[in-house]
Amino acid sequence: MSAYQMRVSVVTQYIEEQSEPDKSHFVFAYTISITNSGEVAAQVISRHWIINDANNHIEEVKGLGVVGHQPFLPPGQSFEYTSGCILKTPQGSMKGYYFCVAEDGTRFEVEIPEFVLSLPRTLH
């Protein structure tokens, strides 16, 4: 086990009531849980997302914190948040990384594995 390690899990949801498919407006929510699975307390400082729709349109989003927070996570602690994404297609994906700083000053990145955004019953 690495001293500097975070585990990321994601649950996605299509938000039908906010979407307008006839206008190519598809709204998705995603809930992310970040758990410090390392041995040293660390803070999530920033995020970098790469969002890809079914037309291969790629958008990058960078910013400080997650939903206005820069959570400090001692070993074993988790932070969960929900955010959203609007796509012009009924399917797409997201991936990226968090930039973190450990209590001892060590800087490290945490990969956010690619996850799929899709309308229910559209993937086979």
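Note that the structure is predicted; figures quoted are calculated from it, not measured.
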Would a distance-only check, ignoring hydrogens and angles, find a side-chain to backbone donor-acceptor pair under 3.5 Å from Gln5 to Ser2? yes

Does Pro21 offer a backbone N or O that forms a donor-acceptor pair with the side chain of Ser19 under 3.5 Å? no

Criterion side-chain contact (heavy atoms from CB on, under 4.5 Å) on Ser118 and Tyr14, from CA distance to verdict: CA-CA 7 Å; Ser118 179; Tyr14 173 60; over 6 Å; no

Minimum heavy-atom separation for Val40 to Ala102, with atom names? CG1-CB, 3.9 Å

Looking only at heavy atoms, what is the nearest atom pair of Pro75 and Gly38, with distance? CB-O, 3.5 Å

Look up atom CD in Glu59 and atom NZ in Lys88, then write down how far apart they are to the nearest 0.5 Å. 8.5 Å

Within the 4.5 Å heavy-atom criterion, are [X] and [Y] side-chain neighbours or not?
| X | Y | result |
| --- | --- | --- |
| Asp53 | Gln91 | no |
| Thr12 | Val116 | no |
| Ile112 | Lys95 | no |
| Leu117 | Ser93 | no |

State whether a side-chain donor-acceptor pair under 3.5 Å links Asn36 with Tyr4. no

According to a 4.5 Å side-chain heavy-atom criterion applied to Ile, Leu, Val, Met, Phe, Trp and Tyr, with indirect links allowed, do Val10 and Phe28 form part of one hydrophobic cluster? yes

hydrophobic_cluster_shared for Phe115 and Phe26, side chain cutoff 4.5 Å: yes

Are the ring centres of Phe79 and His69 closer than 6.0 Å? yes

Name every donor-acceptor pair, under 3.5 Å, that has one atom in a side chain of residues 42-49 and the other anywhere in the protein, sequence neighbours excluded.
from, atom 1, to, atom 2, distance (Å)
Gln43, NE2, Gln70, O, 2.8
Arg47, NH1, Gly63, O, 3.2
Arg47, NH1, Leu64, O, 3.0
Arg47, NH1, Gly65, O, 2.9
His48, ND1, Tyr97, OH, 3.1
His48, NE2, Glu60, OE1, 2.5

Assign the ring pair Tyr81 / Tyr98 to parallel, tilted or perpendicular, where the plane angle (0 to 90°) is split at 30° and 60°. perpendicular

Around Glu80, counting heavy atoms of other residues, nucleotides and ligands shown, do more than 12 lie under 6.0 Å from its CD? yes

I'd like to know whether Val61 forms a side-chain contact (heavy atoms from CB on, under 4.5 Å) with Ile51, so could you lay out the CA-CA distance, the side-chain angles of the two residues, the decisive distance to 0.1 Å, and finally the verdict. CA-CA 8 Å; Val61 178; Ile51 305 164; 3.9 Å; yes

Pair Val8-Ile32, side-chain contact (heavy atoms from CB on, under 4.5 Å): steps then yes or no: CA-CA 7 Å; Val8 177; Ile32 295 191; 3.9 Å; yes

